Amino acid sequence: MRLFMLPPTTTAVALLLWSLLVHLTTETPAGVPKGHGEPLGNHRDSDGHVDILTTLPSPQEFWDKYVSKRRPVLFSGAARSSPGMQLWTDEYMLETFGDLKVRIEGKHQKEGKYPEGEKGIAQDTLRNVLQTYRTRDVYVVSQIPDPLTEQVAVLPFLTCGTFKNHILESNLWLGGHGTQSQIHKDADNAINCLFSGTKTWIMISQDYEHLLPDVVSSGGYSARATIDPDSVDLIKYPKFSEVPYTHVDMKPGDCLFIPASHWHQVNSHGSKNLAVSIMMSRLKEVDLSECDAVDLDFKPLSEMNMVFTYDGYSEQTMGDMDPFELRERIVELCSAIKELSFSAVYHEFFHKEDEDNEVIDNAIDTKMAKDKSSKQQDLHKMKQIFAILDTNGDNFLSCDEEVLPKLSIATLKRLANIISYDPSNSEEYEFSRMGTEVIRILIEHVINKLSNDKAPKMTKEQFLLRYRAVGGSRPVGSQLYDMMDPSQQGYITREMVLNKMEDVISLYDDGLHPHHTQNMPWQADIEIPGSLINEVGTKQQWKAQKIRDDL
């Protein structure tokens, strides 16, 4: 076979035309910013990879070079001292930890969007996750259950001095390929150790926060930017073109230090991606004097005096406010005001933008409207705080007598859980997420269906079909059905539903968690200004009509 060869001059011309064509098809069109419509990181070149250390620093070096300067750093291979990195195969975890409960999200981080698990919305067992994560849109973002902490090694420089006493919590991250976060920042310092898979990170200093678009607070110091990391709109957000960044390529065994308030976006790769993070306080100063006299080595997380722990079965405290920082804020508030009013505490910890002190103070002993907004929930939290600290019941807190003497870590943890409570940390999330209005509409719909002589009975599957249509889960829907069919007849009638209707509706608390509200002496509740009630009422009417249309 003969090969057809172009003459040398023709070949050169062809190559020139080809290179010109490639250039024209890949060059950004005139007037369109570089990286527009492309994944995050294409808007400009990276300033480089974050520092990589192959030997671990001393506690003082870690503080001086990284924590105090809010500078991220990668510790290559540091996670290999954790037994879990070798032990935590799917088979081992399934057999050893399968019954433990974990919090779950979708693979693409979206506020308020949680998948269904064996325990309801946002709640699953490790067993179910391990059996389905490769094919299901699910990602474990959970406080780590205590039994796993024995197989997680804490890096030596965290095991002494101030660092040792300010480890707040530890979190477990587990999912399949394609897990992605939004651009966000966390309130606390973190060290993320990768056991399986790979991760790529975009790291943005807090110095450039003013250039980030659509920043939404997640409470406290945490926040997220709603820009799409898959397709950055640089025409809508032109200032983002100016944002410099560094990057991180993580492999199994690496640990990454992410400073508090340092913005980042993460993509996880591999058929299994498994990591553990350890959260630490936002420290302003440290005392590491004891560290020089201690032989530092890796230490099991289970042996550390971690502030927030999770037994694997009850309610989590993931993301709760740092109690040490809470103490500082209370002490600072008391240094300015010796007697704290309801409104002073409310403004400090919830809505500083509210100026209607008189309305808030007068609301203490009045009745609350049915439709509860987030502001109303915060006022309920205030009642819980006063129930703990206001020993004489006068609706004022004496700093010297009632507040400062009570600031033990145990009390501060209780207060922190009230202030920053996240319903998705509990099996009760589904109840608060749906609320009484949604479940009442559903029950009324079921009663109407059963009032028809042609269909006087409804099976569990028929009920579950309707319950899941309004955003509920199969596990909780089954619980409701069993309440209405206590004799297990296999069907429900109109009379059976009417008999249990109020019991069912009472489970749905419009965001007020039963753990926080039961047996409290202050349940006279609170009234909210009429304008807010009207606003909430309008939203509820629209929501109610949409649900009725869906059913």
Side-chain angles (χ1 to χ4, degrees), residues 49-57 59 61-62 66-67 71-90 92-93 97 102-103 126 139-160 163-164 166-176 179 181 186 188-201 203 247-260 262 264-270 272-281 296-304 306-310 318:
H49 198 285
V50 303
D51 289 353
I52 301 175
L53 300 183
T54 55
T55 58
L56 296 177
E61 289 172 331
F62 180 54
Y66 300 104
V67 182
R71 181 180 176 184
V73 58
L74 184 75
F75 305 113
S76 179
R80 296 191 181 280
S81 293
S82 286
M85 185 170 176
Q86 286 73 41
L87 291 174
W88 289 358
T89 63
D90 287 0
Y92 175 86
M93 295 186 78
F97 307 123
V102 290
R103 179 183 175 276
L126 261 179
Y139 188 42
V140 173
V141 182
S142 176
Q143 207 165 351
I144 190 169
D146 292 341
L148 280 74
T149 61
E150 298 177 6
Q151 297 170 0
V152 176
V154 178
L155 304 187
F157 52 76
L158 297 182
T159 62
C160 65
F163 293 140
K164 173 187 68 177
H166 284 76
I167 294 179
L168 299 175
E169 69 179 44
S170 179
N171 299 323
L172 179 70
W173 311 78
L174 169 62
T179 302
S181 78
D186 298 315
D188 307 308
N189 292 303
I191 292 182
N192 186 292
C193 292
L194 187 60
F195 286 12
S196 181
T198 61
K199 290 182 184 289
T200 53
W201 302 64
M203 310 292 288
H247 68 278
V248 181
D249 296 319
M250 268 184 105
K251 62 184 184 300
D254 291 345
C255 292
L256 175 67
F257 168 62
I258 308 113
H262 201 96
H264 53 282
Q265 189 272 331
V266 195
N267 289 292
S268 300
H269 314 281
K272 178 181 181 180
N273 202 280
L274 174 63
V276 173
S277 60
I278 293 177
M279 314 300 291
M280 302 181 301
S281 295
L296 299 179
D297 200 354
F298 292 93
K299 190 173 183 179
L301 181 58
S302 57
E303 295 181 14
M304 302 297 293
M306 192 158 52
V307 175
F308 295 108
T309 57
Y310 168 55
M318 184 178 180

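Counting begins at 1 with the first residue of the sequence. Predicted model only: the values in this text are computed from it and were never measured.
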Return a table of donor-acceptor pairs under 3.5 angstrom between the side chains of residues 296-304 and protein atoms on other chains or two or more places apart.
none

Please name all residues satisfying ring pair (Phe, Tyr, Trp, His ring centres under 6.0 Å) with [X], sequence neighbours left out, ordered by chain then number.
| X | value |
| --- | --- |
| His262 | none |
| Phe62 | Phe157, Phe163, Phe257 |
| Trp201 | His264 |
| His49 | His247 |

key: Of all pairs that satisfy salt bridge (Lys or Arg N to Asp or Glu O under 4.0 Å), the ones with a partner from residues 250-259, not counting sequence neighbours   = Lys251-Asp254
request  = Quick one: list whatever passes salt bridge (Lys or Arg N to Asp or Glu O under 4.0 Å) with Arg80, sequence neighbours left out.
outcome  = none
Sequence-distant partners of Asp249, salt bridge (Lys or Arg N to Asp or Glu O under 4.0 Å), two or more places apart = none
If I take atom [atom1] from residue [X] and atom [atom2] from residue [Y], how far apart are they, to the nearest 0.5 angstrom?
| X | Y | atom1 | atom2 | result |
| --- | --- | --- | --- | --- |
| Thr179 | Tyr139 | OG1 | OH | 5.5 Å |
| Leu56 | Leu158 | CG | CG | 9.5 Å |
| Met280 | Ile167 | CE | CD1 | 7.5 Å |
| Phe75 | Asp51 | CZ | CG | 9.5 Å |
| Leu168 | Met306 | CG | CE | 9.5 Å |

Mind checking whether [X] and [Y] have side chains closer than 4.5 Å, heavy atoms only?
| X | Y | result |
| --- | --- | --- |
| Arg71 | Val73 | no |
| Val307 | Glu169 | no |
| Met318 | Val141 | yes |

task = Could you walk me through whether Ile258 and Asp186 pass side chain to side chain contact (heavy atoms under 4.5 Å, CB included), step by step?
result = CA-CA 9 Å; Ile258 308 113; Asp186 298 315; 5.5 Å; no
inquiry  = Run the side chain to side chain contact (heavy atoms under 4.5 Å, CB included) test on Leu256 and Val50 for me, step by step, so that the C-alpha distance in whole Å, both residues' side-chain angles and the decisive distance to 0.1 Å come before the verdict.
reply    = CA-CA 9 Å; Leu256 175 67; Val50 303; 4.3 Å; yes
By side chain to side chain contact (heavy atoms under 4.5 Å, CB included) - contacts of [X] (at least two apart):
| X | result |
| --- | --- |
| Ser277 | Asn171, Trp173, Asn192, Met279 |
| Asn273 | Leu194, Lys199, Ser268 |
| Glu61 | Pro57, Ser58 |

Does [Y] offer a backbone N or O that forms a donor-acceptor pair with the side chain of [X] under 3.5 Å?
| X | Y | result |
| --- | --- | --- |
| Gln265 | Ser181 | yes |
| Asn189 | Ser281 | yes |
| Ser170 | Ile144 | no |

Considering all heavy atoms, the nearest Ser82-Phe195 contact = CB-CZ, 3.6 Å
note = Between Pro259 and Pro72 the two heavy atoms that sit nearest each other are CG-N, 3.7 Å
key: Reference residue Ser76; test side chain to side chain contact (heavy atoms under 4.5 Å, CB included); the match among Thr55, Ile52, Leu53   = Ile52
Quick one: side chains of residues 147-154, donor-acceptor pairs under 3.5 Å with protein atoms, not counting sequence neighbours, listed by atom name and distance.
residue	atom	partner	partner atom	Å
Thr149	OG1	Asp146	O	2.6
Gln151	OE1	Trp88	NE1	2.6
Gln151	NE2	Tyr92	OH	2.8

query = What do the steps show when you test Ile278 against Leu155 for side chain to side chain contact (heavy atoms under 4.5 Å, CB included), and what is the final call?
reply = CA-CA 10 Å; Ile278 293 177; Leu155 304 187; over 6 Å; no
